[in-house]
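Report on the following structure.
This is a predicted model, so every value here is computed, not measured.
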Amino acid sequence: MTESSPHPPNPPQDTRPPQIVYALYLAGLVTANITLLIGVIVAYVYRREAAPWLQAHYRYLIRTFWIGSLYFLVTFTLTLLFLGALLWPLLALWLGVRCTLGWLAVRKGQPPARPASWLW
């Protein structure tokens with residue numbers, strides 16, 4: 001520790017749960033979204049005791065789950081009407097970009113850039 005920073009800004013153990021949730025969300029792309037459910041439960045459990053900058057990540061993760069669920073329902077409904085088949089890759093891309101940007105922000109010790117965004 002230095003005199004300019006008497007406390008470490010972000011202990012490593014604090015960043016592990018949101019990184020795991022980001023990984024679970026990304027794994028949802030190949031596990032039929034089962035790991036997304038596990039991830040959102042973890043996010044809800046850890047968000048209260050987290051540092052404020054990590055609470056922003058948990059909010060971002062929880063919003064990602066619910067916004068993604070809405071996008072999933074719209075895409076599924078449009079697919080039933082033969083209009084949404086092309087939206088599935090876009091939904092996967094949206095989830096991948098959102099989780100990657102969030103994970104990178106955690107690794108840098110920063111809150112997500114736009115936690116209230118519906119895109120990234």
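- Looking at every heavy atom in both residues, Val21 comes nearest to Gly39 through CG1-O, 3.5 Å.
- Summarising the geometry, atom SG belonging to Cys99 is positioned 7.5 Å from atom CG belonging to Leu29; distances are rounded to the nearest 0.5 Å.
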Determine, stepwise, if the pair Leu95 / Thr64 fulfils side chain to side chain contact (heavy atoms under 4.5 Å, CB included). CA-CA 8 Å; Leu95 182 64; Thr64 298; 3.8 Å; yes
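- For Thr77, the side-chain hydrogen bond (donor to acceptor under 3.5 Å, both in side chains) criterion is met by no residue, not counting sequence neighbours.
- Note on Phe82: it does not cluster hydrophobically with Phe72, by side-chain heavy-atom contacts below 4.5 Å among ILVMFWY residues.
- Arg114 is linked by a side-chain hydrogen bond (donor to acceptor under 3.5 Å, both in side chains) to Ser117, counting only residues two or more places apart in sequence or in another chain.
- Gln55 places a side-chain N or O within donor-acceptor distance of the main-chain N or O of Ala50, the cut-off being under 3.5 Å.
- Between Trp53 and Thr15, some side-chain heavy-atom pair lies under the 4.5 Å cut-off.
- The side-chain contact (heavy atoms from CB on, under 4.5 Å) search around Ile67 returns Arg63, Tyr71, Trp94, Arg98, Trp118, not counting sequence neighbours.
- A 6.0 Å sphere centred on OH of Tyr44 holds more than 12 heavy atoms belonging to other residues, nucleotides or ligands.
- Judged as a side-chain hydrogen bond (donor to acceptor under 3.5 Å, both in side chains), and not counting sequence neighbours, the contacts of Thr31 are Thr35.
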Using distance only, find each side-chain donor-acceptor pair of residues 85-93 under 3.5 Å and give its atom names and separation, not counting sequence neighbours.
from, atom 1, to, atom 2, distance (Å)
Trp88, NE1, Thr79, OG1, 2.9

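- Put simply, CG on Leu24 and CD1 on Ile41 are 10.5 Å apart, with the number rounded to the nearest 0.5 Å.
- In this view, Tyr46 and Pro17, Val42, Tyr58 satisfy the side-chain contact (heavy atoms from CB on, under 4.5 Å) rule, not counting sequence neighbours.
- There is no path of hydrophobic side-chain contacts, each under 4.5 Å, that joins Val30 to Val40.
- In terms of modelled atom types and a separation under 3.5 Å, the side chain of Tyr25 and the main chain of Leu61 share a donor-acceptor contact.
- Follow the hydrophobic side-chain contacts under 4.5 Å out from Trp66 and you reach Leu37 in the same cluster.
- To the nearest 0.5 Å, atoms CG (Leu119) and CG (Leu101) are separated by 11.5 Å.
- Evaluation of the side-chain contact (heavy atoms from CB on, under 4.5 Å) rule for Leu83 yields Leu78, Leu81 as partners, not counting sequence neighbours.
- In this structure, the side-chain contact (heavy atoms from CB on, under 4.5 Å) partners of Ala56, at least two apart in sequence or on a different chain, are Pro111, Pro112.
- With rounding to the nearest 0.5 Å, the separation of CG in Asp14 from CD in Glu49 is 11.0 Å.
- Scored by the side-chain hydrogen bond (donor to acceptor under 3.5 Å, both in side chains) test, Trp103 finds Gln19 as partners (sequence neighbours excluded).
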